[in-house]
> 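Below are the structure tokens for one structure; questions will follow.
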Amino acid sequence: SLEVEDLEVRNGVVLSVDDPTKSISYAELTKGKEIIETEIGDVPVKKQSEFRIMGKSRLRVDSAEKVTGKAKYAGDIQLPGMLCARILRPASLGAKLTSVDTSKAEAMEGVKVVKDGDLVAVLHKSQHMAAKALGSIKAEWEEESPDLDHDSLYDYLLKVATESRQLASEGELSQGKAAAVKHIESTFEDPYIAHSPIENHTATAVMEEGRMKVWASCQTPYPTKEDIAEELGMEEKDVQLLPIFIGGGFGGKIYNPQAIEAARLAKLTGKPVQVVYTREEEFLYDRLRPAGVIQVDAGLNEEGRISYWDFTVNMSGGRESEHFYDIPHSRTSVKFAPRGTMGHPFFTGAWRAPSVNTNTFARESQMDILAVAAGVDPVEFRLKHLEHDPRMAHVVKTGAERFGWTPAKGPSGRGYGFAVGIDVGSYVVVYVEVDVDKSSGHVQVKRAICCQDMGMVVNPQGAILQAEGSMLMGLGYALREEIEFKGREMLSRNFDTYSITQFNMAPEMEVILVGTDNEIPYGGGEPPIVVMGGAIANAVFDAVGIRLREIPFLPDKVLTALNE
């Protein structure tokens, strides 16, 4: 027999360190028996120098399938006798159906009409004919019409945010305010934005021998399975959610009403049913990123250091709203609408790095404002307030060096800006260079450099691709994306009225990973997106001297600020 320290494990086989010919597989050790006991001991963690896979770049195993079109999505599932369903929807959320006439749809050849409580649907083997049948239905709705639109949104949010919770505090604000020689109050505003995945919410369902089988474009398979079982009054063991590729989720496919609708219709009709949301349905029923208003009150003492910081989040969530700078007196609070009141007029939920985009935009914009007030280069100003945090300081310095940042008080006219953030344990900074067209108000990001400390990097290539994707998606929310609405009716319902990142917006990009060898791995799917709004806002100020406090930075907003 050998001692534990004389053994190593490789590819599921236990080997002798001195004589690898002596080996035994896990299968031989267990002999097919169930493991009924575990022993807890002081097991040393493998050193990174011993890793054979982690830390090395690997191609995604599904890349070839997706590029060649072999990958199957929920809408690619085609079953014998399958019906395509279209569901009667209101023009706005909260509307109640008061009358419906489906006689014309019922008279159409091959069309099946289903009425089941709140569900009115038409089904046909052709998507086109199902849509035509839906258009023949006459329906009347009782709609909710609150006196609210995208222009009055931020006043409304401040009005309904009547309850509050303190998330963090340090020192005494009164002392910090007394020590300040400069006081700067700022308000930052962020609108509703949609997930707008290229693949709409889609599901295909069939009832076979008492079991419901569902293919759904879905980020949450287990909760979705539970929801289907509860809706249909079935045991969870009789609901099977089959694995399928997702054509973009970003948090929007955490909730999957289309899967429930497809399963419900499949059970009612006894036929395989496919539900594909139209782009209009995708927008209306999306769990939007919540709009919010951030109020910041901060001050500088005679030495040009921040003496106090008061940060209040209204209606958009408090995740990563706490600052990480050296500030002796601070408070972070979140305000929200009371339970049982409308609050947001739309469904809201997780949008890539929930809440962190908004909070980082406000914090990093205010930090730049304070740097200007102190008459100090913004990188120098950040480092001055990161003396307790060498990890973050290293990220900021490394990114600045690779970007080619040289100290200058803003606005320098160069169009340089950056923002610092923390998300899922990762520390990140993105430096950008922008060009602002003073005649049109168009903002073009020319280059972007991300420096990220995500601890131990499991797959460097995967981490770099995620960072690049985050920066590109961040361009959309910073420069283009905004839901326009009236009451509870959404006016932005397709890509002709809602614009995401386009190819001509893409800058030169570089990603630097600076995780240390002995750290645990942190998240890498989202961190760079959280800093894009702040980085671009700060770069626009550096370029032309205007401070943009409302996202997105549309050309008309830039022109208005330039004219003012």
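Residue numbers start at 1 and run along the sequence shown. Atoms considered below: every heavy atom in the structure, side chains included; atoms not considered: hydrogens, waters and symmetry mates.
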> Could you give the distance from OH (Tyr416) to NZ (Lys446), rounded to the nearest 0.5 Å?
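Reported to 0.5 Å precision, the distance equals 8.0 Å.
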> Should Val434 and Gln444 count as side-chain neighbours, where that means a heavy-atom distance under 4.5 Å?
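Side-chain contact under 4.5 Å: no.
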> Using the six-membered ring wherever Trp is involved, compare the ring planes of Tyr498 and Phe283 and label them parallel, tilted or perpendicular (cut-offs 30° and 60°).
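Perpendicular: the ring planes of Tyr498 and Phe283 meet at over 60°.
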> I'd like to know if the side chain of Ser92 pairs up with that of Arg488 as donor and acceptor (distance under 3.5 Å, no hydrogens or angles considered).
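Checked: Ser92/Arg488 side chains show no N/O donor-acceptor pair below 3.5 Å.
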> For the pair Phe361 and Phe188, name the ring-plane relationship: parallel under 30°, tilted 30 to 60°, perpendicular over 60°.
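The arrangement is perpendicular - the two ring planes meet at more than 60°.
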> Please list all pairs meeting ring pair (Phe, Tyr, Trp, His ring centres under 6.0 Å) that have one or both residues in residues 433-453, counting only residues at least two apart or in different chains.
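Qualifying pairs, neighbours excluded: none.
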> Between Asp389 and Arg391, is there a side-chain N and carboxylate O pair less than 4.0 Å apart?
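No salt bridge links Asp389 with Arg391.
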> Drop me the distance from Asp368's CG to Asn538's CG, to the nearest 0.5 angstrom.
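Interatomic distance, Asp368 CG to Asn538 CG, rounded to 0.5 Å: 3.5 Å.
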> Taking 4.0 angstrom as the limit, do Glu510 and Arg402 come out as a salt bridge?
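Salt bridge between Glu510 and Arg402, a charged N being under 4.0 Å from a carboxylate O: yes.
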> Taking the inter-plane angle between the rings of Trp405 and Phe403 on a 0 to 90° scale, is it parallel (under 30°), tilted (30 to 60°) or perpendicular (over 60°)?
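Tilted: the ring planes of Trp405 and Phe403 meet at 30° to 60°.
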> Verify whether the ring centers belonging to Trp351 and Phe250 lie closer than 6.0 Å.
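Between Phe250 and Trp351, which both carry aromatic rings, the centre distance is not below 6.0 Å.
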> Distance from Gln466 atom CD to Gln452 atom CD, nearest 0.5 Å?
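Output value for this atom pair is 10.0 Å.
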> Strictly by modelled atom types, are Arg331 and Thr312 linked by a side-chain donor-acceptor pair under 3.5 Å?
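The criterion, which ignores hydrogens and geometry beyond distance, is not satisfied for Thr312 and Arg331.
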> Taking only residues two or more places apart in sequence, or in another chain, which ones meet Arg319 in a salt bridge (Lys or Arg N to Asp or Glu O under 4.0 Å)?
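Arg319: salt bridge (Lys or Arg N to Asp or Glu O under 4.0 Å) contacts with Asp423.
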> Under 3.5 Å, sequence neighbours excluded: what are the donor-acceptor pairs made by side chains of residues 290-298?
{"unit_1": "Gln295", "atom_1": "OE1", "unit_2": "Asn314", "atom_2": "ND2", "d": "3.1"}
{"unit_1": "Asp297", "atom_1": "OD1", "unit_2": "Tyr308", "atom_2": "OH", "d": "2.8"}

> Is there a side-chain contact between Arg289 and Asn357 in this structure, where contact means two heavy atoms from C-beta onward sitting under 4.5 Å apart?
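Side-chain contact under 4.5 Å: yes.
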> Rounded at 0.5 Å granularity, tell me how far CD1 in Ile369 sits from CD in Glu364.
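Reported to 0.5 Å precision, the distance equals 11.5 Å.
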> So, do Ile422 and Val428 sit near enough that their side-chain heavy atoms are less than 4.5 Å apart?
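SC-SC contact between Ile422 and Val428 ruled out.
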> So Phe541 and Val372, side chain to side chain contact (heavy atoms under 4.5 Å, CB included) or not? Walk me through it.
CA-CA 10 Å; Phe541 173 80; Val372 172; 3.5 Å; yes
> Which residue, Phe346, Tyr156, Tyr154, forms the ring-ring contact (aromatic ring centres under 6.0 Å, His included) with Tyr192?
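For Tyr192, the ring-ring contact (aromatic ring centres under 6.0 Å, His included) check succeeds only for Phe346.
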> Rounded to the nearest 0.5 Å, what separates atom CZ in Arg352 from atom CE in Met473?
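That separation rounds to 5.5 Å.
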> To the nearest 0.5 Å, what is the distance between CG on Asn301 and NZ on Lys177?
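That separation rounds to 15.5 Å.
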> Ring-plane angle category for His385 and Phe381, please: parallel below 30°, perpendicular beyond 60°, tilted otherwise.
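His385 and Phe381: tilted rings.
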